[in-house]
Amino acid sequence: MVAGSPAAPVTINGEGLKRRGFSPEQIANLKHAYKVLYRQGLKFAEAEAELARLAAAGQTEVAAFLEFFPRITRSLIR
């Protein structure tokens with residue numbers, strides 16, 4: 001989710017994830033992935049590597065998030 005002008009990332013849509021049947025653990029994993037990407041001050045490649053490590057550790061929802069990156073055709077707000 002983004003807010004402001006210019007748009008800036010704020011958080012994930014936790015309520016929407018709950019409605020879609022994500023478990024509290026999965027939502028927590030995605031919140032952590034968001035923090036890695038947007039709040040830890042890492043370069044994109046570093047954040048991507050950390051997300052890949054989390055995905056390899058069995059966090060399938062983070063793996064799906066990570067699989068989105070190669071399909072981006074526009075810029076990613078950071």
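The figures here come from the full heavy-atom set of this structure, side chains too, leaving out hydrogens, waters and symmetry mates.
Hydrophobic clustering (ILVMFWY, side-chain heavy atoms < 4.5 Å, transitive): Phe44 and Val36 are in one cluster.
What you find for Pro70 and Glu67 is that their closest heavy atoms are CD-O, 3.2 Å. Looking at every heavy atom in both residues, Tyr34 comes nearest to Thr11 through OH-N, 3.5 Å. The nearest pair of heavy atoms linking Leu66 to Ala55 is CD2-CB, 4.4 Å. Heavy atoms only, all atoms of each residue included: Leu30 and Val62 are closest at CD2-N, 4.4 Å. Ile27 approaches Ile12 most closely through the heavy-atom pair O-CD1, 3.9 Å.
Taking a 6.0 Å sphere around CD of Glu25, one finds it holds 12 or fewer heavy atoms contributed by other residues, nucleotides or ligands. Heavy atoms of other residues, nucleotides or ligands lying less than 6.0 angstrom from CZ of Arg20 number 12 at most.
In terms of the ring-ring contact (aromatic ring centres under 6.0 Å, His included) criterion, Phe22 has no residue partners (sequence neighbours excluded). For Glu50, the side chain to side chain donor-acceptor pair (under 3.5 Å) partners at least two apart in sequence or on another chain are Arg53.
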Test log, rule side-chain contact (heavy atoms from CB on, under 4.5 Å), inputs Phe65 and Leu54: CA-CA 11 Å; Phe65 183 58; Leu54 295 172; over 6 Å; no
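Here Lys43 contributes atom NZ and Glu48 contributes atom CD; the two are 14.5 Å apart, rounded to the nearest 0.5 Å. For the atom pair Leu17 CG and Lys31 NZ, the distance stands at 9.0 Å (nearest 0.5 Å).
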